[in-house]
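Being a predicted model, the structure only gives us computed values, none of them experimental. Chain A is the first sequence line, chain B the second, and so forth, proteins listed ahead of strands; every chain is numbered from 1.
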There are 2 protein chains.
Amino acid sequence: MALIDIVRSDPEETQSGATRVLTFFRDRLLSGELKAGDRLLAERELAQALGVSRPVLREALRSLAMLGLLDIQHGRGAFVRAANASVLGQALTLCLAPEPNILDDVLQARIAIECQAIRLACERASERDLQAIAGILDTLVDSLDDPETGGEADYAFHLAIVRASGSSALMKIYEAISPLLMRSHVERRRDTFREPAITSRLVDAHREVFLSLARREPDQAERALRQHFLIGDELRRKSLISSYQSREKQP
Amino acid sequence: MALIDIVRSDPEETQSGATRVLTFFRDRLLSGELKAGDRLLAERELAQALGVSRPVLREALRSLAMLGLLDIQHGRGAFVRAANASVLGQALTLCLAPEPNILDDVLQARIAIECQAIRLACERASERDLQAIAGILDTLVDSLDDPETGGEADYAFHLAIVRASGSSALMKIYEAISPLLMRSHVERRRDTFREPAITSRLVDAHREVFLSLARREPDQAERALRQHFLIGDELRRKSLISSYQSREKQP
DNA sequence: ATTCCTAAAGTGGTAAGACCATGGACTGAC
DNA sequence: GTCAGTCCATGGTCTTACCACTTTAGGAAT
């Protein structure tokens, strides 16, 4: 029985033991009867209550734990875990693993999410949202020399924009692709030189994005964002080329 | 042990039985040593080979099956299943279940994906892609009177655009949100009247989107697409209002 | 009376063995 | 040659038992 069968299962079909357990939890999780933090009954009681043996119940519980829905602690019990996007990210990673050039491709998804997010943010962002983004922008400017902090601030900036969109769907998807985004970032950094000219243009691009957002101009904000991504691509390409050229000269 | 621990696990830590089994499969799945369609050893042999008891092995196998990575068939054996986006969709559904207004919100994700997809499609779409979309458009026109076929053609049209983008990341995410998209669609249909005036405008909108794509004009294509979504929203709102008005008059 | 330690109880983790249900293959009869 | 029945391999389930970890309550020492 796969996850797909849990979410939509045919109530008519004869339900085996394992199926009964999984539908039991599916109903209570989707209906909200089981909230995050709730403690489940002990395995032995639960097994008896559901009319299945303990191994069967355990298989179901372990499966749910694997999906990140339960937190099973030895000697304490099983607890309902808040829905976590990291599971999504891992599943997406496994799902996209066989695809070629996935690290380049995931950037397209990033652009998609952010461009829509910033449009929404222009309408919905609160003053607090804008102040948060402004604060991150300051951090970004201050950490020009530190690749580590600078990289984090860069990510935080874009994440804050998505958060300001007020769309939990966009937010979850963005979190889901973020592990791949990170890998992509790390891989690209190997080929990218951190020159002052580049970083200063980077700051300018971020500032322009923020200003358009603060002025609540959706079209302008999206254009600035796309320009930012475009420049990033171009810089990476140039630095990649120069990297290869210097490698040719001095092998 | 949760999924998150499978993908990146610390090799130093003392591995318990269940962990050993999961890391065993993780390594072989990510490395490609286990390909889709491969048949696993029988549970009893596998348990002996890995040095764990059968229930422990079964817990791991069932967990992997739940994630859609294995296909366990009674009486036949366990087979490696190709990564499937439907699992993603189900996980996303569970993850977003507690959020309010998620069915409205997921439309934002849809717009995000499609707008970026059509931009890419303007660059990358092959002649075959365009012909496929054109064919679906014909179906859409022919099935104006049939809500069922029409709805399917509508979905197929948008899906074909995402496919034409050539981005597997966008495609997977679009497939992941499609279950929620469907629910949203069904829910909205309850409040929407299928009037000839509406459907004809719908066809016009789709045709305009296609033409911009065929002419390979990204900005124009995205604009047409956004306009299409906007009109859809407006029509739904109007029909919702008129629905409530008629309900007031004739309670 | 307070504090600390210890032991017991409750909980998940694992193991072993048996039996049932299903699918496929082999073999026999027609 | 074809079909049906039987047998075997495999997954599905149950039972029982024991181990490991956590918490807690009760008793002993201060």
**Prompt:** Between A/Ala121 and A/Ile161, what is the shortest heavy-atom contact and its length?
**Reply:**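 So the two residues come closest at CB-O, 4.1 Å.
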**Prompt:** What orientation do B/Tyr174 and B/Tyr155 show, parallel under 30°, tilted 30 to 60°, or perpendicular over 60°?
**Reply:**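 B/Tyr174 and B/Tyr155: parallel rings.
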**Message:** Please verify the inter-ring angle class for A/Phe157 with A/His206; under 30° counts as parallel, over 60° as perpendicular, anything in between as tilted.
**Reply:**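 A/Phe157 and A/His206: perpendicular rings.
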Just the rounded figure in Å: distance from [atom2] of [N] to [atom1] of [X].
X: B/Leu46; N: D/dG12; atom1: CG; atom2: P; answer: 14 Å
X: B/Leu57; N: C/dG13; atom1: CG; atom2: P; answer: 16 Å
X: B/Arg58; N: D/dC14; atom1: CZ; atom2: P; answer: 11 Å
X: B/Leu64; N: D/dG11; atom1: CG; atom2: P; answer: 14 Å
X: A/Leu61; N: C/dT14; atom1: CG; atom2: P; answer: 14 Å
X: A/Ile72; N: D/dC21; atom1: CD1; atom2: C1'; answer: 15 Å
X: A/Glu43; N: C/dG13; atom1: CD; atom2: C1'; answer: 8 Å
X: B/Gln48; N: C/dG17; atom1: CD; atom2: C1'; answer: 14 Å

**Message:** Taking 4.0 Å as the cut-off, does a side-chain nitrogen or oxygen of B/Arg20 come that near to OP1 or OP2 on C/dG13?
**Reply:**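 No, B/Arg20 has no side-chain N/O under 4.0 Å of OP1/OP2 on C/dG13.
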**Prompt:** Touch check for A/Glu59, heavy atoms < 4.0 angstrom, all strands: base, sugar-phosphate only, or nothing?
**Reply:**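 A/Glu59: no heavy atom of the nucleic acid under 4.0 Å.
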**Message:** Checking B/Arg39 now: which residues fulfil side-chain hydrogen bond (donor to acceptor under 3.5 Å, both in side chains) with it, not counting sequence neighbours?
**Reply:**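 Expected list: none.
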**Message:** Checking A/Ser126 now: which residues fulfil side-chain hydrogen bond (donor to acceptor under 3.5 Å, both in side chains) with it, not counting sequence neighbours?
**Reply:**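 Once residues adjacent in sequence are excluded, the partners of A/Ser126 under the side-chain hydrogen bond (donor to acceptor under 3.5 Å, both in side chains) criterion are A/Asp129.
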Protein N or O to nucleotides 4-9 of chain C N or O, pairs below 3.5 Å:
none

Check nucleotides 19-22 of chain C against the protein and report each pair of N or O atoms closer than 3.5 Å, with its distance, or say if there are none.
residue : atom : partner : partner atom : Å
C/dA21  : N3   : B/His74 : NE2          : 2.9

**Request:** For A/Asp105 and B/Ser168, indicate whether the former's side chain and the latter's backbone hold a donor-acceptor pair under 3.5 Å.
**Result:**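 Present.
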Is the closest side-chain heavy-atom distance between [X] and [Y] below 4.5 Å?
X: B/Leu61; Y: B/Leu40; answer: yes
X: B/Met66; Y: A/Met66; answer: no
X: A/Leu181; Y: A/Leu107; answer: yes

**Message:** If the condition is ring pair (Phe, Tyr, Trp, His ring centres under 6.0 Å), which residues does B/Phe24 pass it with, not counting sequence neighbours?
**Reply:**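 Expected list: none.
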**Item:** DNA chain D: 5'-proximal contact among A/Ser53 and B/Glu45 (nearest heavy atom)
**Value:**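 It is B/Glu45, whose closest nucleotide lies nearer the 5' terminus.
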**Message:** Looking at A/Arg110 and A/Glu114, is any side-chain nitrogen of the basic one under 4.0 Å from a carboxylate oxygen of the acidic one?
**Reply:**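 Result for this pair is yes, salt bridge flagged.
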**Prompt:** If you fit an axis to the five pairs at each end of the helix from C/dA1-D/dT30 to C/dC30-D/dG1, how big is the angle between those two axes, to 10 degrees?
**Reply:**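 The two end axes of the helix from C/dA1-D/dT30 to C/dC30-D/dG1 meet at 10°.
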